[in-house]
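Below is one structure, written out as structure tokens; the observations come after it.
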Amino acid sequence: MIKLIKMIVGIAICAVVGGVLTYIGIPLALMFGPIIAIIIFNRLGFSFPIPKHTITFVQVTLGSSVGLMFNQVSLKEADNLLLLLMTLVICLAVQFSFSYFWFYRKVGWTKQEAMLGSVPGAMAAILALTDHTHTPPQKIVISHTIRLIILILLAGIVVGSEGDSQPLFELPSLTLESTFWLLVIVVSGFIAGLVLQRLRVPAPFMLTSLAAATFIQGWIDIQLSFPLMLTELSMVLIGMNIGNHFIVFPLSALIKNIYSSAQVVVINIILTFFITVFASWLTGYDIAVLLLAWAPGSMEAMTFAAITMNLDAGFVMSNHIIRMVIIQTIPSVVLFLQERKNKRKE
């Protein structure tokens, strides 16, 4: 009972910190606020437990939310899409290969740490994979968090705005019919995820929820949107999860890992810029649009930057959705094949 009370109090405090930072216009504050709160309260001698199935909840929530965005994507320019998709895959391969080489050869991480730390984006999926493989997640979480912070700061600089003030919370307005279909999406994604999990497929719930949301939204006639409060709660919970990984390191080791991760991010941004310049010359697309679409960071932050700059936000969002599906699928498949290979050897 005491643990439950501490959990509820911790979630409430972290949500308030994230909400206040959101209100004053800080991007993705519902995730960064809890990280800061967890670190500060840990220094004061307080620790806040998080729910046992947090990662599953986050996967289902974000997968459903992103899946429902597919029908909102509107591409203004339909030329050279196959060529751009191929270039996106090349860009992902370059980002991943360089990061893997850096973490494994230069920093000295294990192969699994280097692989999971090098995947460009999708923090929730990576946390689920670390949980599945029992890989110590602290270095990986730091790598992804630093990447996200740098990219959000750069997006803010490019946009030239600190963000708009937002409400602390927004109550969902759902009809009986939309509530029914949202429950169908969540239950379908969860059950399908359980089936894949029994087949030893790691971190399946985001993909199954995304597929269920995309299929059902395309099949029915009403426009669905996932309740904002649940998405916000998932951001708070993942922020608390990340914060609990940050406090494991002593200060010297934390600084060392932050420095190594920052180096990788900066070089990856430079490599991405050169690829986008080449792709822009090849296809005629705006460099700024391609840079936001292929940056190894958050879909929300990059789409926000595109909207603020009056660029093709639909193209940016669709590229990040495709990127998220790719980087969620490939590590899962690789780890699944590795597990089957290890079992055969036994």
Side-chain angles (χ1 to χ4, degrees), residues 28 30-31 51 53-75 85 88 119 121-129 132 170-199 201-238 293 297-304 306-307 313-333:
L28 290 185
L30 284 173
M31 186 176 73
H53 299 291
T54 289
I55 298 301
T56 300
F57 172 77
V58 170
Q59 285 188 79
V60 172
T61 301
L62 296 185
S64 301
S65 180
V66 172
L68 292 174
M69 292 179 186
F70 264 117
N71 72 314
Q72 300 174 23
V73 173
S74 174
L75 300 179
L85 180 59
L88 168 62
V119 177
M123 176 81 79
I126 298 307
L127 282 172
L129 288 170
H132 174 86
E170 182 179 323
L171 293 174
S173 55
L174 298 172
T175 64
L176 189 61
E177 186 180 11
S178 62
T179 301
F180 169 77
W181 285 115
L182 286 172
L183 286 174
V184 170
I185 288 171
V186 170
V187 172
S188 301
F190 181 72
I191 292 174
L194 286 177
V195 172
L196 291 184
Q197 193 175 55
R198 288 183 69 86
L199 295 174
V201 176
F205 294 100
M206 186 175 291
L207 273 182
T208 54
S209 299
L210 191 150
T214 304
F215 175 77
I216 292 173
Q217 178 66 93
W219 182 55
I220 62 177
D221 293 329
I222 64 171
Q223 174 62 49
L224 298 175
S225 58
F226 203 78
L228 182 60
M229 287 184 68
L230 290 180
T231 306
E232 291 174 341
L233 177 59
S234 72
M235 295 292 286
V236 171
L237 290 175
I238 200 171
S298 138
M299 178 178 68
E300 295 88 348
M302 299 303 112
T303 304
F304 166 77
I307 292 170
F315 178 82
V316 173
M317 182 190 293
S318 62
N319 274 264
H320 279 279
I321 291 173
I322 293 168
R323 180 179 63 86
M324 193 188 77
V325 172
I326 292 172
I327 63 182
Q328 163 76 1
T329 303
I330 292 177
S332 299
V333 171

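Here the structure is a predicted model, which is why all the values come from computation and not from measurement.
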Going by heavy atoms in the side chains, are Thr208 and Phe190 under 4.5 Å from each other? no
Got a second to check how far Ser64's OG is from Gln59's CD, nearest 0.5 Å? 11.0 Å
In Ile185, Val186, Ile55, the residue satisfying side-chain contact (heavy atoms from CB on, under 4.5 Å) with Val60 is Val186
How many angstroms lie between atom CG of Leu183 and atom OG1 of Thr179, to the nearest 0.5 angstrom? 6.5 Å
Taking all atoms of both residues into account, what is the closest heavy-atom pair of Leu224 and Gln217, and its distance? N-OE1, 2.9 Å
Side-chain (Thr61) to main-chain (Phe57) donor-acceptor, under 3.5 angstrom: yes
Would you indicate whether the side-chain heavy atoms of Phe205 and Val58 approach each other to under 4.5 Å? no
Rounding to 0.5 Å, atoms CG (Leu68) and CG (Leu210) come to a distance of 9.0 Å
Which atom names give the shortest non-hydrogen contact between Ser188 and Ala212, and what distance separates them? CB-CB, 4.2 Å
Please say which of Phe226, Trp219, Phe215 ends up in a ring pair (Phe, Tyr, Trp, His ring centres under 6.0 Å) with Trp181. Trp219
Can you measure from CG (Asn319) to CG (Leu85) and round to the nearest 0.5 angstrom? 8.0 Å
Euclidean distance, Met31 CE relative to Leu237 CG, rounded to 0.5 Å: 13.0 Å
Thr231 versus Leu30: any side-chain heavy-atom pair under 4.5 Å? no
